[in-house]
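Everything below concerns the one structure shown next.
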Amino acid sequence: MSDEQVKEEVLLAMRKIDSVKPVPVVQVRELIDGVSGVVGDYVILNSDIKKQLLEIQGDQDLGELSDCQLIESILREKMFAHHAVQDSITVSDQEVEAETDQRIAYFKGILGSEDAVLKKYQKSSMPELRSALNRITRDMKLAQRMQQRITEEVEITPEEVRAFFFNLPEEERPLFNTEVEIAQIVVKPKPSDDAVKDVVDKLNDYRTDVLENGASFAAKAALFSEDVATERQGDIISLKRGDQFVKEFKEAAFSLTEGEVSEPFETVFGWHILKVEKVKGQVRDVRHILLYPYISVAQVNEAKQKLDEMRDRIILQEITFDQAAREISDEKETAKNGGKLINPNTGEARLDLTRLSEDLTRQIIFLEKGDISGIIDEKDQIGRETFKIIYVINKIKDHKADYALDYLKIKDIALRDKQVKAIRKWQSEKLKDTYIKIGAEFKGCDFENEWNK
C-alpha cells in the first residue's frame, strides 16, 4: 500500500466520526500499520519522522534528537497547521513554489547537479521532489503563521519586564558576552576611467552579439563572466524582490520582460549585463555576466596612502572619526552614519563580540574604548584588496545581566517568555478538542504535551 493510500484509509476512518460532536476520548479504532499519528486532518506516516525533517533541514545535523522528540516536533507543527486552516489562514501557491525553487537551487549549488539532489532526498524525479517540498513548506508556513497569530497581540509593559527580571534568582540571571560599539572607514582602490570604459565596451559587444546575431547568452556567461559563485548553479539565479541582492541588480531583473537583456550597469561587485531567462510569478530566473575593471598596483597604493593620511589626521584630532568616515569611506551603508556598525536584526549599535566574524573579532579583541586600529588589509566579497581602520566607541566586558545597562535585551527575553507561555496555553486548550491519535510505539514517550490523552 502506498503512502497516499495509507493516508486516505486513515482519513476515511476519521470521517466516520461525527464531526459536529466533540471527538470522544476513546477512539473507535486503532491506527493501521505504517501510521505514527493523526492530528486533525493530518496523517503522519512512520517514514515522515526523519524523512520530513531531512527534507526541511537538508544538510543540517539533527544532533541527538530521539524518535520521541522528532514525532512531537511533527505533531506540534501539524496541530498548528491544522488550526491555521480552520482559522482560514492561507499560504499562496506562488509563495510555496518560490521557496521550493530557492531550496532546490541552493542544494544544486552545494551538491553540483539535480541528480545529486534527487539522490540526497531519495526521489526519482524533480516533479516528485517539488511536490514533497511544496507540501512540507506549506505546512511549515501555516504552522508559523498560526503561531504569529497567537502571539501578534502579546505585548509587555515596563512593569512586567521589571517583574520578570527581579523575580529571577540571582544565579539564573543571564550572562551577556563582551559587547562593542565600533565604527569603520573603508577605502577601496578605484579603477581608472579607461579601465571602466573597457569593461563597459566589452559588455555592450556581448549584448549586441546576443540581440543581433543570436549568440547564446549562457555560453558567453560561462566563457567570460567573472562571477565564480554562480558557476556552480549553471549561472542561473532565481530571485524575488525581497531577496538579499543589491538594489541595482534587482532593479535590472524586475525592469525586464522574459528574454530581454539589460544595458550594462554597475553594482558594488563590478559591471554587469543581465538576461531574464524566465518569469515565474514573483520570481525571476536570470543569468548575468560580471566583469571587474582592472586596478593597477599604483591605484592600490594610492588608496592605502589616502587612508593612512586620514588616520594620522584623526589621531592628531584635526578631524573626528565620524567626519572622516562621512568624507572618505567607500562603504556607503556605514559612511552616512559616521562609519558606525549597526546590528541589522536588533537596530542596536552594541554588537556581541562572539557573534562577529572571526576576522573582525581578531581585529578588535585587544582594542579598548577610544582605540583606533592600524590599517587593516583585507579582501572584499569578490577578492579585491581593500583597506580599513576601526574605532572602538565603547566596550562592555562580559557581565551578568544588569537591569539598567541591559534593559532592551531583558525586555526581549521577557517578551519571548510571555509569547512562549501564550503558545503553550493555546496548545493546552486545543489539545482538548483536536482529533489526536499516536501509534503504540510512542505511548511511552515523555512528551512535553499530553498527546496521549
Side-chain angles (χ1 to χ4, degrees), residues 3 6-7 10-11 14 17 19 22-25 27 30-31 34-58 60-91 95-96 99-100 103 132-154 413 415-453:
D3 285 358
V6 170
K7 290 186 178 183
V10 174
L11 289 172
M14 289 168 56
I17 298 174
S19 61
V23 176
V25 175
Q27 302 301 336
E30 293 298 318
L31 293 180
V35 176
S36 294
V38 178
V39 179
D41 293 331
Y42 288 93
V43 178
I44 303 165
L45 302 178
N46 293 343
S47 58
D48 289 336
I49 296 177
K50 289 185 180 177
K51 182 178 70 176
Q52 182 172 356
L53 289 179
L54 176 65
E55 287 172 339
I56 294 172
Q57 299 177 5
Q60 193 170 338
D61 185 6
L62 297 180
E64 299 299 322
L65 291 180
S66 66
D67 282 353
C68 288
Q69 291 170 315
L70 292 174
I71 187 65
E72 181 162 34
S73 174
I74 298 174
L75 288 167
R76 190 176 292 118
E77 178 188 283
K78 299 310 180 189
M79 187 166 79
F80 284 125
H82 169 73
H83 284 284
V85 174
Q86 301 302 306
D87 289 358
S88 301
I89 295 173
T90 60
V91 178
E95 186 178 356
V96 170
E99 185 155 327
T100 292
R103 187 174 291 143
L133 290 178
N134 282 347
R135 183 177 65 254
I136 291 168
T137 298
R138 186 180 301 279
D139 290 351
M140 182 174 62
K141 285 189 169 294
L142 284 170
Q144 290 171 347
R145 290 183 182 174
M146 188 68 247
Q147 291 178 70
Q148 289 168 0
R149 177 169 291 185
I150 296 165
T151 60
E152 64 187 357
E153 294 184 1
V154 176
I413 295 171
L415 178 59
R416 286 198 299 270
D417 180 71
K418 190 173 180 181
Q419 290 171 336
V420 167
K421 288 176 179 176
I423 290 173
R424 286 177 178 168
K425 180 181 178 183
W426 179 91
Q427 288 177 323
S428 179
E429 292 172 351
K430 293 300 181 182
L431 277 170
K432 300 172 186 176
D433 57 8
T434 305
Y435 182 102
I436 298 171
K437 185 80 171 172
I438 64 173
E441 68 270 33
F442 299 110
K443 294 292 185 181
C445 288
D446 183 17
F447 290 133
E448 289 184 17
N449 295 105
E450 296 182 3
W451 307 101
N452 288 315
K453 62 184 175 62

Is E152 atom CD crowded by more than 12 heavy atoms from other residues, nucleotides or ligands, each under 6.0 Å away? yes
From Q147 CD over to R149 CZ, what is the distance, rounded to the nearest 0.5 angstrom? 13.0 Å
State, with a plain yes or no, whether a side-chain heavy atom of D41 is found less than 4.5 Å away from one of Y435. no
Less than 3.5 Å apart, any donor N or O on the side chain of R145 or T90 sitting next to an acceptor on the other? no
Compare all side-chain heavy atoms of L431 with those of W451 and state whether any distance is below 4.5 angstrom. yes
Sorted by chain and number, sequence neighbours left out, salt bridge (charged side-chain N to carboxylate O under 4.0 Å, His left out) with K425 holds for none
Tell me every residue that passes side-chain hydrogen bond (donor to acceptor under 3.5 Å, both in side chains) with Q144, counting only those two or more places apart in sequence or in another chain. none
Test side-chain contact (heavy atoms from CB on, under 4.5 Å) applied to I71 and I438, step by step: CA-CA 9 Å; I71 187 65; I438 64 173; 5.6 Å; no
Restricting to salt bridge (charged side-chain N to carboxylate O under 4.0 Å, His left out), what partner residues turn up for E72, sequence neighbours left out? R76
Using the side-chain hydrogen bond (donor to acceptor under 3.5 Å, both in side chains) criterion, which residues pair with T151? Sequence neighbours excluded. none
According to side-chain hydrogen bond (donor to acceptor under 3.5 Å, both in side chains), who are the partners of D417, at least two apart in sequence or on a separate chain? K421
Contacts of I413 meeting side-chain contact (heavy atoms from CB on, under 4.5 Å) (sequence neighbours excluded), chain-then-number -> F164, P174, F176, R416
When you compare the side chain of Y42 with that of I74, does any pair of heavy atoms fall below 4.5 Å? no
H83: which residues meet the ring-ring contact (aromatic ring centres under 6.0 Å, His included) condition with it, sequence neighbours left out? W426
